[in-house]
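Below: the structure, in structure tokens.
Just so it is clear, the model here is predicted, and its values are computed rather than measured. Only heavy atoms go into these numbers, but all of them, side chains included; no hydrogens, no water, no symmetry mates.
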Amino acid sequence: LVPDIYQERKGRWMADSLFPTVFVTHKETLAEKIPRKWEFLVHRDYENQFYFLVPEQDLTFPLWLGAIMYRKGYFQEEDGLQWLRKLDANTAQYVDTTSDLMRKILEEPGRITWMSLPEALKMREYEKLPIQIRAPLDSQPVEISGVGLLDGAPHPRGGELFLRFLYSDPMQAELMKKFYQVSARQVIPESLRPAWYAEWTIRPMDLDWEWTAGNERKNLVLWEERVRGQGYWPKPKVVVVPTSSK
């Protein structure tokens with residue numbers, strides 16, 4: 001029903017919906033200006049192009065931050081911090097609310113942020129904001145909402161019936177249609193898929209979830225104390241060539 005990657009290893013819970021991270025920008029932003037890989041975020045071309053929510057207002061930020069610290073050998077703490085400082089150098093501003101964030105993204109093409117796919121779809125499909133959504137081509141941290149049947153529950157049969165109802169075709173179709181949820185079910189019949197469903201290929205990042213969750217607070221403190229506002233691109237050296245005199 002649900003792929004193993006979206007289940008707890010001991011079978012105590014499984015995902016019912018997925019929240020992959022995607023890039024969001026103005027509808028008129030040229031395709032070649034949108035980063036397609038996470039590594040592109042630290043390219044000099046994106047200086048002052050990013051707007052992000054402060055972590056206190058962004059539920060997906062702790063997971064993304066943990067993924068950056070974990071992936072590609074960033075167990076060496078300093079490597080992860082150096083990468084994040086480059087991202088900070090490319091960040092124009094951290095904003096406090098989603099409405100302020102979207103206002104800045106829509107003020108001019110070229111400004112870029114990221115958020116969960118369901119949130120972005122709601123803005124594009126329901127609120128009709130002129131945005132485009134791009135998923136990274138490489139793997140991405142995928143946050144989930146999960147559900148499980150508790151051991152010793154007084155009415156386990158009722159819990160089983162609820163799970164069957166939650167994962168049923170009609171309920172999954174309703175969640176995708178009304179709430180733009182990305183179903184965690186392994187197979188979704190084509191007849192149930194909304195129009196936006198075919199746009200996305202989700203490539204879940206292979207993470208040590210226990211490490212990521214266990215270091216969440218530490219990573220946030222590191223970001224606040226050693227990254228935020230500390231990134232910069234060094235100014236190019238100006239070489240003065242003396243003029244020859246006759």
Q.
Consider ring-ring contact (aromatic ring centres under 6.0 Å, His included). Of Phe50, Phe52, Phe23, which one does Trp114 pass it with?
A. Phe52

(Q) For residues 135-154, which residue pairs pass the ring pair (Phe, Tyr, Trp, His ring centres under 6.0 Å) check, not counting sequence neighbours? (A) none

Q) So Trp223 and Phe61, would you call those rings parallel, tilted or perpendicular, with 30° and 60° as cut-offs? A) perpendicular

Q) Are side-chain N/O atoms of Tyr6 and Asp16 paired as donor and acceptor at under 3.5 Å? A) no

Q) If you measure only the distance, is there a donor-acceptor pair under 3.5 Å linking the side chains of Ser183 and Gln172? A) yes

Q | Polar side chain donor-acceptor pair, Thr60 to Ser116, under 3.5 angstrom | A | no

Q: Determine yes or no for a side-chain-to-main-chain donor-acceptor pair under 3.5 angstrom, with Thr91 supplying the side chain and Gln93 the backbone.
A: no

Q) Does Arg157 pair with Glu160 as a salt bridge, N-O distance under 4.0 Å? A) yes

Q) Do Val54 and Leu41 share a hydrophobic cluster (ILVMFWY, side-chain heavy atoms under 4.5 Å, transitive)? A) yes

(Q) Between Glu199 and Arg124, does any side-chain N to carboxylate O distance fall below 4.0 Å? (A) yes

Q: For the pair Arg228 (side chain) and Arg85 (backbone), establish whether a donor and an acceptor sit closer than 3.5 Å, ignoring hydrogens and angles.
A: no

Q | Salt bridge flag under 4.0 Å for residues Arg111 and Glu108 | A | yes

Q. Does a side chain donor of either Gln140 or Trp38 reach within less than 3.5 Å of an acceptor in the other side chain?
A. no

Q) Can Arg226 and Asp88 be counted as an ion pair, charged N to O under 4.0 angstrom? A) no

Q: Mind listing the closest non-hydrogen atom pair of His26 and Leu106 along with its distance?
A: CD2-O, 3.5 Å

Q: Give a yes or no on whether Glu210 atom CD has more than 12 heavy-atom contacts from other residues, nucleotides or ligands under 6.0 Å away.
A: no

